[in-house]
A.B. asks: 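Dropping the structure in here first, questions after.
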Amino acid sequence: MTNQQTLRRKLLDLDNGNYKAYRDIQGSYEFPDFTLIIDYVQGDPFAAPSKLRVQVPYTVAGFPPELYNNPIREMALRDFLTRKFDRLAYEVSGRRGTGKSGMIAITKMGQEVLERTSVYLVKIAPPAPKPAPGENPALQRAKPIKLGNQKGVEVRLVVGLPAGGRRILGRQAAEMLCDDIPYIVHRSLKYEQLDADACRRHVETVEDTDWLRKQLPEKNLVAFVANGAILPRRSGVDDRPLSSDEVVPFKSPSSLEVEFECPNQGKISGMGIPQGVTLIVGGGYHGKSTLLKAIERGVYNHVPGDGREFVVTDATAIKIRAEDGRSVAGVDISPFINQLPQGRSTTQFTTENASGSTSQAANIMEALEAGLGNNSKSEETETTETATTSTPPVLLVDEDTAATNFMIRDRRMQELITKEQEPITPFIDKVRQLYTDYQVSTILVMGGSGDYFEAADKVIAMENFQVQEVTEKAKEIAEKYTTGRTAEGGEKFGEIRARIPLPASLDPSRGRRDVRLKVRDVDEVVFGNEDVDLSAVEQLVSKDQLRAIGAAMVYAKKQYMDGNRTLLEIIDAVMADIESKSLDVLVPFPQGDLAFFRRFELVAAINRLRTLAVK
């Protein structure tokens with residue numbers, strides 16, 4: 001292990017050399033109060049930036065143990081440090097030449113607090129002892145370093161090593177690595193330099209939110225929206241809270257109000273949405289979709305000041321929508337669609353270009369498969385096989401992004417087009433069965449059809465962004481004005497069939513040895529030769545999640561896809577490995593740009609591979 005002065009001297013000596021000579025600096029360097037580790041050096045100023053790590057001992061960082069004494073507090077502290085380090089790196093960074101020259105960064109952060117690989121609390125190697133008198137320093141550095149019991153903060157960052165054309169700018173590189181990084185470390189990774197109140201508030205807010213989410217099942221709830229929450233966002237591309245005198249803070253109707261005693265916040269009250277079928281109704285532009293969007297994002301914890309810190313949703317909640325043009329591979333959509341023209345099968349439905357209704361049916365069945373597996377067996381197998389069971393998902397549906405013919409068929413249309421002529425069984429005839437047969441709850445925004453009143457357990461109305469419970473009134477209207485519809489759903493929802501993916505249908509290497517993975521914003525993963533479109537998977541919030549999902553797809557293929565395991569079994573195994581070994585298990589060397597994803601988003605990515613084949 002070398003020291004700060006040695007690194008500076010190396011960089012100055014490399015000045016004006018060929019860019020590839022930067023590789024000579026790879027290794028570990030001891031600074032006065034931290035260690036700098038250069039894991040990977042880019043080969044070109046336009047290539048992916050170099051990957052570095054900084055390790056600061058706890059004795060130097062000085063964080064009180066109560067800030068990281070349980071897993072959720074530790075994650076929150078790591079998130080706080082990532083944000084602080086990232087802000088300072090942005091302030092310090094500047095163009096210092098060609099391509100990515102001068103960049104110092106961790107990752108782009110949003111309003112959500114995610115499990116990330118950007119900052120870890122780890123065991124670190126002790127500082128190297130000074131060479132004995134007369135001992136060759138090179139021999140000292142060559143001695144193996146054992147991992148010590150000392151713990152510390154590890155930050156994983158990327159640096160664009162500066163170049164003029166393809167020549168090394170050694171002086172600028174020395175400033176970046178030997179001056180700028182120590183400054184950022186000093187200001188962002190030492191407790192004495194931070195706003196202690198802000199740090200503690202960040203940790204306690206995340207802990208309370210996570211605690212609230214875990215309490216939902218005990219109160220038979222699927223979501224909770226705290227009184228005073230600010231739900232509107234600034235714009236479609238700015239997820240920060242809308243700051244305006246006209247913003248209406250959320251207030252629960254008294255009939256749905258519940259109260260919790262949080263570990264840090266103390267008493268908190270708000271609207272509890274119960275298990276079952278809940279409708280959100282109201283006129284246009286009165287806040288229905290805004291409320292559902294907040295509930296949709298409630299599967300994540302949020303930063304203090306977001307406005308939705310205490311909007312929490314069951315972690316299994318999945319936004320379901322129509323998705324014209326997506327590919328579908330061997331999905332049993334027969335609970336919703338059967339008797340297609342030309343005798344096409346819907347028990348193993350496959351298409352490269354799904355319609356609105358078939359895509360929405362596939363999206364629901366894939367979500368159920370990921371959450372429940374093959375949870376209904378035929379009479380022949382029921383006594384000899386054990387059904388795989390998991391946590392039932394919660395479905396979130398907004399009529400604005402749903403296929404109309406999938407959601408409802410009214411009495412007049414039933415009269416004109418008989419059931420024998422119509423292959424679609426509308427969602428209205430299945431939503432109740434989903435709950436009674438599989439305990440799958442649904443929260444549905446519906447402003448255009450009162451036919452759902454009969455199926456709903458609760459009806460919530462939005463008026464001028466204020467919430468009212470109107471269940472009783474909706475039921476009275478349903479009794480007064482009968483629809484005359486004929487139920488088309490049968491007596492049971494139907495089977496949820498497991499599929500087995502064929503390993504050869506997932507090829508991230510384009511037929512070569514190297515894996516090709518690339519992320520484009522938060523809506524596309526390049527996997528081998530395929531561009532996997534995830535724009536309709538609306539609960540993805542970070543490019544880091546997509547990077548991790550791409551890596552998990554490769555990992556799943558290598559480790560668990562054998563042509564015998566079901567998709568559910570494969571996903572269970574991958575998620576168990578991540579839980580026990582962290583996201584690092586997915587990649588060959590440490591990197592700081594991965595973030596936690598849910599099983600449903602991983603399944604969604606696999607299901608949208610156009611090469612996917614199943615049995």
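No hydrogens, no waters, no symmetry mates; every other heavy atom, side chains included, goes into these values.
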A.B. asks: Which atom pair, heavy atoms only, marks the closest approach of S188 to L194?
C.D. replies: O-CD2, 3.7 Å
A.B. asks: Between R116 and D544, is there a side-chain N and carboxylate O pair less than 4.0 Å apart?
C.D. replies: yes
A.B. asks: How about CD on E261, more than 12 heavy atoms from neighbouring residues, nucleotides or ligands closer than 6.0 Å, or not?
C.D. replies: yes
A.B. asks: Nearest heavy-atom pair of P49 and V158: which atoms, and what distance?
C.D. replies: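 Taking P49 first and V158 second, the nearest heavy atoms are CG-CB, 3.8 Å.
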A.B. asks: For E399 and G447, indicate whether the former's side chain and the latter's backbone hold a donor-acceptor pair under 3.5 Å.
C.D. replies: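 Indeed, once roles are kept as given, a pair shorter than 3.5 Å links the two residues.
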A.B. asks: Test E66 against R200 for salt bridge (Lys or Arg N to Asp or Glu O under 4.0 Å), laying out the working first.
C.D. replies: CA-CA 9 Å; E66 61 267 22; R200 190 172 298 277; 3.7 Å; yes
A.B. asks: Donor-acceptor check, side chain of T205 to backbone of H202, threshold 3.5 angstrom: yes or no?
C.D. replies: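 Judged by distance alone, no pair lies under 3.5 Å.
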A.B. asks: Classify the angle between the aromatic ring planes of F260 and W211 as parallel (below 30°), tilted (30 to 60°) or perpendicular (above 60°).
C.D. replies: perpendicular
A.B. asks: Does K108 pair with D86 as a salt bridge, N-O distance under 4.0 Å?
C.D. replies: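 Salt bridge absent between K108 and D86.
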A.B. asks: Got more than 12 heavy atoms from elsewhere within 6.0 Å of NZ, K475?
C.D. replies: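 Counting neighbours around NZ of K475, more than 12 heavy atoms of other residues, nucleotides or ligands fall under 6.0 Å, so yes.
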A.B. asks: Would the F250 and F465 ring centres measure less than 6.0 Å apart?
C.D. replies: no
A.B. asks: Taking 4.0 angstrom as the limit, do E366 and R326 come out as a salt bridge?
C.D. replies: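 Salt bridge present between E366 and R326.
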A.B. asks: Does a side-chain N-to-carboxylate-O contact under 4.0 Å join D197 and R201?
C.D. replies: no
A.B. asks: Distance alone, cut at 3.5 Å: any donor-acceptor contact between the side chains of Q539 and R598?
C.D. replies: yes
A.B. asks: For the side chain of T358 and the backbone of A354, is there at least one donor-acceptor N/O pair under 3.5 Å apart?
C.D. replies: no
A.B. asks: Taking all heavy atoms of Q275 and all of S441, pick out the closest pair and write down the distance.
C.D. replies: CA-OG, 3.5 Å
A.B. asks: Whether D239 and K293 form a salt bridge (side-chain N of Lys/Arg under 4.0 Å from carboxylate O of Asp/Glu) is what I want to check.
C.D. replies: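 The answer is no: the pair does not qualify as a salt bridge.
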A.B. asks: Atom CG of N363 and atom CZ of F406: how far apart are they, to the nearest 0.5 Å?
C.D. replies: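 Here the rounded value is 9.0 Å.
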A.B. asks: Picking from L292, L291, L242, V248, what satisfies side-chain contact (heavy atoms from CB on, under 4.5 Å) with L231?
C.D. replies: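 Only one option passes, and that is L291.
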A.B. asks: Could you check whether Y58 and Y191 have their ring centres less than 6.0 Å apart?
C.D. replies: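 No, the ring of Y191 stays outside the 6.0 Å limit from the ring of Y58, centre to centre.
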A.B. asks: Is there a donor-acceptor pair under 3.5 Å between the side chain of R213 and the backbone N or O of T313?
C.D. replies: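 Answer holds: yes.
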A.B. asks: Using a 6.0 Å cut-off, check whether atom CZ of F46 has over 12 heavy atoms from anything other than its own residue.
C.D. replies: yes
A.B. asks: When you measure from the side chain of T442 to the backbone N and O of L444, does any donor-acceptor pair fall under 3.5 Å?
C.D. replies: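 Such a contact is absent between T442 side chain and L444 backbone.
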A.B. asks: If you draw a 6.0 Å radius around CD in Q193, do more than 12 non-hydrogen atoms from other residues or ligands fall strictly inside?
C.D. replies: yes
